[in-house]
Visitor: 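After the structure tokens below, expect a handful of questions from me.
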Protein chains: 2
Amino acid sequence: MSFHLHQIAGKNAEKTKAHNRRVVLGYLRGQPAGRAEIAKASGLSTQTVSNLMAELVTEGLVVPTGRRRAARGQPPVVYAFNPSGAAVLGFEVRPDTLTMVLTDLGGTALVTRQIPLAQTDPAHVLGQMAMLAQAHMPHMPVLGAGLVIPGPFGVDGLSGVGPTALPDWDPAQIPLQAEAALGLPVHFDKDATAAALAEGMAGAASGLSSYAFLYFGTGLGLGVVAQGQPIRGAFGNAGEVGHIIVHPGGLICECGNAGCLEQYASRLSVQRHLIAMGALPPDGTGLDAALVQLLANQNQDLMVWVDTAAEALSRAIGLLENLFDPQCTVLGGALPDALIDLLIARLSLPPGSVARHSGRRNPRVLRGTSGTLTAAFGAAALVIHDTVTPRLDARAPDIAATESPPCP
Amino acid sequence: MSFHLHQIAGKNAEKTKAHNRRVVLGYLRGQPAGRAEIAKASGLSTQTVSNLMAELVTEGLVVPTGRRRAARGQPPVVYAFNPSGAAVLGFEVRPDTLTMVLTDLGGTALVTRQIPLAQTDPAHVLGQMAMLAQAHMPHMPVLGAGLVIPGPFGVDGLSGVGPTALPDWDPAQIPLQAEAALGLPVHFDKDATAAALAEGMAGAASGLSSYAFLYFGTGLGLGVVAQGQPIRGAFGNAGEVGHIIVHPGGLICECGNAGCLEQYASRLSVQRHLIAMGALPPDGTGLDAALVQLLANQNQDLMVWVDTAAEALSRAIGLLENLFDPQCTVLGGALPDALIDLLIARLSLPPGSVARHSGRRNPRVLRGTSGTLTAAFGAAALVIHDTVTPRLDARAPDIAATESPPCP
DNA sequence: ATATTTAAATCAAATGCTTTGAGTTAAGGC
DNA sequence: GCCTTAACTCAAAGCATTTGATTTAAATAT
């Protein structure tokens, strides 16, 4: 899988059927419904929906839940999406850890495993992944695997440095190698984008078609879903929010900028702050426990950081609102819930934002799924998303096709 | 047309054919090709491509350009996209002016008209539009009309104020009314998004699938195309770049923010600066002529503005790069070419950007189409884009469908 | 109670496109 | 000249959706 949209593929009857299956599944994931309702919503004939439903029931992806007696007429047989009908794998690779989750189609964890990584070369890690997967194969069918790593990919001065560096992980090669190693279709993406999809599937953004997800990993990531589709950009690096400048002339970042958001609002930044204040040992261990503790005590050192971080985040969220016009912005990832809640409470969002819309139905900012497994669940969500969301298929270029013509 | 992606529609044989037509046309718009090549690129059979081509040739959208003798085997008959095969209309409505362009499918102008608007109520303006269209109907088929207005739509404190306000122009109603008035399919969007599509069709971004277009209108707009699709956001307000904060604590903007980009880099900002410097009469007339003149003289007052604007733009472009990961960022719109060139020359882009990518093939920033007709051409581009780009069709909700479930 | 109305679901063609496989045409290479 | 390669065409087959007539089942009216 590459990130450029090379050439959109043509369709035939089979592709059309696959599309319609996704339409039906996607609708049913939102709410249980009878066949006639689905037909009306999708524009398909009831007969077609009947045929598809019969297949989906056979496969176990959908289950009838009895008749609904509502108005006149024969009451419809209501069908519901069956999360237990199949499973998916999600892998998150970080320089020091490999995380695997096995979830059902609802995103509910069946198995979670974390193992430390001594080496980070793809061959070794893929071997570990295959081993883990082998050891936890469920009885239900496994539809595919998601694989996420921290971004950005292939950026001078950003990718090779810092604690998230994974050398030799080429986005163009890895998915194919992973498919070979796992024997499953593999969906590859960066952690924040995947985490955003997870949030849209079962979390705070469920049911939304346009939203932004700020992901606290080591740094700060961003996944944006616009009109139901994740934004990936030309090289899969969209959403590199950690290095947007919120304080011109502010703290120097290793990326070369001054005043990067990540310097003010990230795990690393709070860790550094607490070490400097003597609230954490110099090696920075025990951050999560300390955060919970300090938060409970309303520790002033922490509050100082919260205010600074909230100011920086407010600017960033204002930006995201004006650039992406999301239904809402969600904050989640590897920080304690209570801390994220506090950050949200301390936000002062800029007034000049398209988020102040008369048609708005959602809060501007919400807390999403927290915890260190967020990205791995996101990886699983990549597969689920692919299963239930209609899409435009791309075709890989065959022979030395021009990848992107030069800007004239 | 609404901006929420309500529910994706199912496909049948006819829809499939329409999709495949777009695939073929889209490929041919990039480069002339033989049928076998198109088949290979699209994954369709040669027979299908043959059938589609026969239709497209009959309709005049595609023309054979002779055989290409290349390697062994029977030389392919090469077909080219025929821009003259049909025409499209583009309308731009501003509070004081209605602009219409009639272009061929290559985006080349056949007719351009501007008329002043005394009233801005939709009924009157739609009447004027119908009148203009009527008066300039070409002999070739007209595929549709694009209609653009300045954004944002429905935003408290932004939409109703300032020189771009068009009260009573409801994005949910206008397209339908326009279709009735014109008797053509109408594509509605905000000016900058449409202008971006135009740039991707024939301008600096042609052939690119991910790019950002900064549009100098009265204020400063942004259109973003990601993976071939324009980003519109939940309410069609994505790309409201004028009100992102580039100078925290800087100049007060009427939106309520301090330090908005628009205060530093826009027609209004340079106009205000030149008036303050006495280089322009207090009513601000004659801006364009003055700009050309002052530029030729390397006027110091103007240079001061250019440096300030370039600094603000550099920050904004850095942001866009990190958030959208475009192949390049294009600057265009209602400023003289030479001034845009100078702005680009004076940029100092931040180093911490995913644009510093090893796979990069395009300049980070380019000048695009300038002139006051940019947005109207963009409106026309909406129709052309729709004609040649495969898409996921949405279905309008039928009866009291939940438009967007509340963020839980 | 019984008949009527309304709506869902099924059955059995029919329809629309795409694909397949055999055959034809036109060029380069030996 | 003959073989190979590749593009293209023709006719039949295949796949999935649609259409129109029927059946089923509940709410309402008589």
Side-chain angles (χ1 to χ4, degrees), chain A residues 8-25 27-28 32-58 62 64-80 390 393 395 398-399, chain B residues 8-25 27-28 32-58 62 64-80 390 393 395 398-399:
Chain A
I8 291 177
K11 292 216 155 160
N12 56 21
E14 275 99 343
K15 296 259 185 65
T16 298
K17 184 177 184 181
H19 172 97
N20 289 344
R21 266 178 69 110
R22 279 184 243 256
V23 169
V24 169
L25 279 175
Y27 189 84
L28 243 30
R35 280 172 275 196
E37 177 186 339
I38 299 171
K40 209 167 288 174
S42 63
L44 295 167
S45 65
T46 58
Q47 185 57 59
T48 300
V49 176
S50 267
N51 296 343
L52 290 172
M53 295 299 282
E55 271 191 37
L56 291 170
V57 169
T58 305
V62 153
T65 62
R67 297 189 104 107
R68 170 196 296 157
R69 80 181 122 264
R72 274 199 183 185
Q74 180 172 157
V77 177
V78 175
Y79 292 85
D393 291 318
R395 251 180 97 73
D398 277 291
I399 6 102
Chain B
I8 291 177
K11 295 218 153 160
N12 55 21
E14 276 100 341
K15 295 257 185 67
T16 298
K17 184 177 184 181
H19 172 97
N20 290 342
R21 265 177 70 110
R22 279 183 243 255
V23 169
V24 169
L25 279 175
Y27 190 85
L28 244 32
R35 279 172 276 193
E37 176 186 339
I38 298 171
K40 207 166 290 176
S42 63
L44 295 167
S45 66
T46 58
Q47 185 58 57
T48 301
V49 175
S50 268
N51 295 344
L52 290 171
M53 294 300 282
E55 271 191 39
L56 291 170
V57 169
T58 304
V62 152
T65 63
R67 294 189 105 107
R68 171 197 294 160
R69 83 180 119 265
R72 272 197 181 187
Q74 180 173 158
V77 177
V78 175
Y79 292 85
D393 292 317
R395 251 182 98 73
D398 277 291
I399 6 101

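Here is how names work: the chains are called A, B, and so on, in the same order as the sequence lines, proteins then strands, and each is numbered from 1.
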Visitor: Could you check whether the side chain of B:Gln47 and the base of D:dC10 have a donor-acceptor pair of N or O atoms closer than 3.5 Å, going by distance alone?
Guide: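 Such a pair exists between side chain and base.
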
Visitor: Got a second to check how far A:Met53's CE is from A:Thr46's OG1, nearest 0.5 Å?
Guide: 12.0 Å

Visitor: In this structure, how many angstroms lie between the C1' atom of D:dC10 and the CZ atom of B:Arg35, rounded?
Guide: 13 Å

Visitor: Check every atom of D:dT9, D:dA25, C:dT18 against the side chain of B:Ser50 and return the nucleotide holding the closest atom.
Guide: D:dT9

Visitor: Whether the side chain of B:Gln74 and the base of D:dA7 hold a donor-acceptor pair under 3.5 Å is what I'd like checked.
Guide: yes

Visitor: Output the single nucleotide from D:dT18, C:dA8, D:dC8 whose closest atom is nearest the side chain of A:Pro76.
Guide: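 Among D:dT18, C:dA8, D:dC8, the one nearest the side chain of A:Pro76 is C:dA8.
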
Visitor: Considering only C:dT19, C:dA9, D:dT18, which nucleotide approaches the side chain of A:Ser45 most closely?
Guide: D:dT18

Visitor: Where the side chain of B:Asn12 is defined as all heavy atoms beyond and including C-beta, which of C:dT19, C:dA9, D:dT17 is the nearest nucleotide?
Guide: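 The closest nucleotide is D:dT17.
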
Visitor: Calculate the interatomic distance between A:Lys11 atom NZ and D:dT17 atom P; express it in whole Å.
Guide: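 Roughly 12 Å, once rounded to whole Å.
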
Visitor: Round to a whole Å and report the spacing from CD of A:Glu55 to C1' of D:dA16.
Guide: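 That distance rounds to 10 Å.
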
Visitor: How do A:Tyr79 and A:Ala13 order along DNA chain C: which one's closest nucleotide is nearer the 5' end?
Guide: A:Tyr79

Visitor: Looking only at heavy atoms, which two atoms of B:Tyr27 and B:Ala33 are closest? And how far apart?
Guide: CE2-CB, 3.8 Å

Visitor: Taking only the side-chain heavy atoms of B:Arg72 (C-beta and beyond), determine which of C:dA8, C:dT18, D:dT4 contains the nearest atom.
Guide: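 Closest nucleotide among those given: D:dT4.
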
Visitor: Looking only at the side chain of B:Leu44 (C-beta and beyond, no hydrogens), which of the listed nucleotides D:dT9, C:dT19, D:dT17 gets closest?
Guide: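 Output: C:dT19.
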
Visitor: From D:dT17, C:dA27, C:dG16, pick the nucleotide closest to the side chain of B:Pro75?
Guide: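 It is C:dA27.
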
Visitor: Without decimals, in angstroms, what is the distance between B:Lys17 NZ and C:dT19 P?
Guide: 13 Å

Visitor: Take the protein atom CE of B:Met53 and the nucleotide atom C1' of D:dT9, then report the distance between them rounded to whole Å.
Guide: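 My rounded result for the distance is 15 Å.
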
Visitor: From the list D:dC15, D:dA29, D:dT17, which nucleotide is the closest neighbour of the side chain of A:Asn20?
Guide: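 The listed nucleotide nearest to A:Asn20's side chain is D:dT17.
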
Visitor: May I have the distance from A:Leu52 (atom CG) to D:dC15 (atom P), rounded to whole angstrom?
Guide: 16 Å

Visitor: Given atom NZ of B:Lys15 and atom P of C:dT18, what is their separation to the nearest angstrom?
Guide: 14 Å

Visitor: Roughly how many Å is it from CD in A:Glu14 to C1' in C:dT19, rounded to a whole number?
Guide: 9 Å

